[in-house]
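Chain identifiers are assigned alphabetically (A, B, ...) following the order of the sequence lines, protein sequences preceding nucleic acid strands; residue numbering begins at 1 within each chain.
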Amino acid sequence: MARPFDVTAVEAKWQARWRDEGTYNVDNADPRERYYVLSMYPYPSGAAHQGHVRNYTFGDLVVRYKTMRNFAVLSPIGFDSFGLPAENAAIKAGSHPRLFTDARIAELKSSLQRLGAVYDWRREVNSHDPAYMKYSQVIFLAFLKAGLAYRAMAPVNWCPGCATVLANEQVLADGTCERSGDLVERRNLEQWFFRITDYAEELLNDVDVLDWPERVKTMQRNWIGRSEGVEFELALASEPTRGLRVFTTRPDTGFGVTYAVVAPEHPLLEELTTDEQREEVATLVERALGETELERTSSDGALAKRGAFTGSYVVNPFTSESVPVYVADYVLGTYGTGAVMGVPAEDERDYDFATAYGLPIVRTVTPPEGFDGGAYTGDGAHINSGFLDGLDVAAAKAAAADFLVEHAKGVRKVNYRLRDWLVSRQRFWGCPIPVVYCEVDGIVPVPEDQLPIVAPDDVSMDKTGQSPLATHEGFLRTTCPTCGRPATRETDTMDTFTDSSWYFLRMADPFTEGVPFDPVEVAKWMPVDQYIGGIEHAILHLLYARFYVKALIDIGLAPGLAREPFARLFTQGMIRLNGTKMSKSKGNLIAPEPYYDTVGADSLRLFHLFVGPPADDVDWTDQTNDVIDGCARFIDRVYRLCEEDRLNLVDAMTPSDVAVRRDVHRTIERVTDAMERWSYNTAVAALMELLNTLSKWARQDGGASREVFDEARRTMLLLLAPMAPHVAAELWERHYPGPGVHQQPWPVADAALVAHESVVMVVQVNGKVRARLEVPVDITEEAASDLALEDPAVIAAVKGPVTRVVSRPPRLVNIIA
RNA sequence: GCGGGCGUGGCGGAAUUGGCAGACGCGCUGGUUUUAGGUACCAGUUCUUCGGAGUGUGGGUUCGAGUCCCGCCGCCCGCACCA
């Protein structure tokens, strides 16, 4: 394609200028109204791809647009630079993860700059930067001191391929590791946890006030998983003063309890198991403990092989009857009390279990007529339930709960699905957990003046997969800060989600030393006004960051901050390749560089804005390159028009000039509205329409007003400035001396100009359009219907008598005949 | 199974509150310029038996439905035995 200008040179020129002049640096003392725009800082796994391009194009557009709207805009960037891929790459290449990481960051940075994305680079935060690590560790120790960080034994997911513990989300539905594909094992290990469950209630409640996509809010609510119920005691038949505590959300079904089940991990299991049942129980327990949680809660596999009778009985407090106690793998030791009551008639799992083991099934809720399923979980009148008979589920729940509180050591209780956050990783390339182990003093925090603890450089990343920290004598051996005796360092590192849980706070104040950030400075910017990222972070990153901020406030590191970090969230769609998911492992990512080198960054940006609604997925197809060429064509047409190529400009005014001015101002309205609604595809379309109009008008035989043309050109460049910043800046500079296009205020539509004096009114007969009439905008209902009824085309279409006239001036008249 | 979203030309999509369906772009067709191709520019492009019909499908509300309500069909996303 022959371009009217040297795209590569122009883009390079402006990128250098924005970078060298720090055009988008912003001072914390800036007096203007503030706006914090943040695109999720990327993981530097390799060169940039179209997902990055899309994400950072949106972010950059908001930054430039809000700046033109006279906000003090905070636009920081950084890199989420710890993580397994860098470590695995280093193992493969026999080098140090830092070398790999630094190289990837350099690539990604270059790619972002060539996109024309602008940031306050003084605020760059990299997770692996010792300056940042120091404060990550300070925060860890503050959590430890506040009791929010603790060490405990727990059954965890262990990936043999990655040689580390995994978070639940890194385990796929089939029980394999999402990264290596190895089958994940369950191991009982002592690990570090953050007490995120302390915040379950607040994390759940605050979801309501967030201006986030409903989808993401629902996912957060599901993840936290609140359920209200009663925890009470089923007395042991053999020893009525002791009991088995169970949790239920359906106390109303108590009369239908025909058995109880404990988890294989349950502390009382040993005691409950009689000698005759010992072997069977032991076999079940052994197998269950080797399974993943996913396998255990899966509905696959015969239930008959998944439970065993313990030989003991407990007493149903409602009926005073003894019921048998089973052990089964589907009951989890980590949720509730690790023991449940079995109500086969009103719970599907219990129904299946009871059927498999021949346990009695007693209905306590009347199912609807014709109900032929097993368990009925809906509402209905209670039966077979003594004092609950006749009550609906809600009323019976309340009455039954009262009864349990009085008679079975019951308490009303809320349980959450959310578990404490396992933060330790047996990996090298992460932020070391800053504690030492002393034989005398136990777990001892590393004193703050010795932070950061940084992993040594002289390590060999061998192929065993074990973290070299665990065997590095120089790192391992230290002395106890308390007693001075020999001690060993913690060799686990923190989950990389801890790094991304507070980077946005450091970015708001990267200048203060000695503390993670100055809360007064940070409060000037927080919360983030617009957060932009991928839907894949819908749960974990966003939940963890929300927890961090609340916890930091409560332990005094961040007083005065809003308790929710991200006021508004936008999640962009994914890029697919001909309908399939793109990923690095599939090797089907599309790099932006070839586009920068040919059509230019502006064209690629316009494509991403124009292709469809930002929230929707984009399918990269055979047609995509043609659409990108179309965007380049649009830019070239803008360029030629602004450079007055073959125009016919005159000094006089003509009637067409008035109409063009109106179009210009209507375009301001349309684009501004589209920008606010994140409807960038229609914003681009509106500009394309304006260009079409201007191109024809400015080249028409009768001539076009030079003055009106100049206003149109200015306006078009201003509206284009956030979308295609390079070409807009270049054309502006060529025609208008002084401050650049991005330093100009966003244009405001002249309301008087936009208002039409007359409008085309549609006349329908029985709902079909029969005439279009030019009418004044303030035409009355009567005048409109009279005018419509006089029209020859309308008269011809009206066959019978007119029964009704619906007049909605000035848009429409509908005649019913 | 539960929850949420979506279904519009050959394709991506537009239509903010019920009021001219298909803006804008891609592709395609024709034309002008050009030795030719490409570029650029102009015109056309839902279907049609030219009456009309038409927004997955069947109903409903309304003068009027892509838009609101109910039932189906299909696709996508999340949760999935959390007691």
Query raised in the report: Which part of the nucleic acid, if any, lies within contact of A:R699, taking any heavy atom under 4.0 Å across all strands shown: a base, the sugar-phosphate backbone alone, or nothing?
Result: nothing
Query raised in the report: When all nucleic acid strands are considered with a 4.0 Å heavy-atom cut-off, which category describes A:I816: base, sugar-phosphate, or nothing?
Result: sugar-phosphate
Requested in this report: Select base, sugar-phosphate, or nothing to describe what A:R770 touches, counting heavy atoms under 4.0 Å on all strands.
Outcome: sugar-phosphate
Query raised in the report: At under 4.0 Å, does any side-chain N or O of A:S679 touch on OP1 or OP2 of B:U16?
Result: no
Query raised in the report: Could you run down nucleotides 21-31 of chain B 5' to 3' and tag each one B, S or - for protein heavy-atom contact under 4.0 Å?
Result: --BBSBS----
Show each protein N/O and nucleotides 74-79 of chain B N/O combination with a separation under 3.5 Å, one pair to a line.
{"from": "B:C77", "atom 1": "O2'", "to": "A:R215", "atom 2": "NH1", "distance (Å)": "3.2"}

Query raised in the report: Base of B:G9 relative to its sugar, syn (within 90° of 0) or anti?
Result: syn
Query raised in the report: Are A:N415 and A:S227 close enough that a side-chain donor and a side-chain acceptor fall under 3.5 Å?
Result: no
Report summary line: With syn defined as a glycosidic angle within 90 degrees of 0 and anti as anything else, the base of B:G58 is anti
Query - Whole-angstrom distance between B:G7 and B:A14, as gauged at atom C1' - result: 16 Å
Requested in this report: Using the C1' atom on both, measure B:U8 against B:G54 and round to a whole Å.
Outcome: 10 Å
Query raised in the report: For A:D347 and B:A83, what is the distance between atoms CG and C1' respectively, to the nearest whole Å?
Result: 6 Å
Requested in this report: Just call it for A:S227: base, sugar-phosphate, or nothing, with non-hydrogen atoms closer than 4.0 Å on any strand.
Outcome: sugar-phosphate
Report task. Consider only side-chain N and O atoms of A:Y330 and A:D352, and report whether a donor and an acceptor are under 3.5 Å apart. Result -> no
Query raised in the report: Given the C1' atoms of B:A43 and B:G58, what is the spacing between them in whole Å?
Result: 42 Å
Query raised in the report: Would you say the base of B:G19 and the side-chain of A:R811 have a donor-acceptor pair closer than 3.5 Å?
Result: no
**Report entry** Test: A:R633 and A:D629 ion pair at under 4.0 Å
**Finding:** no
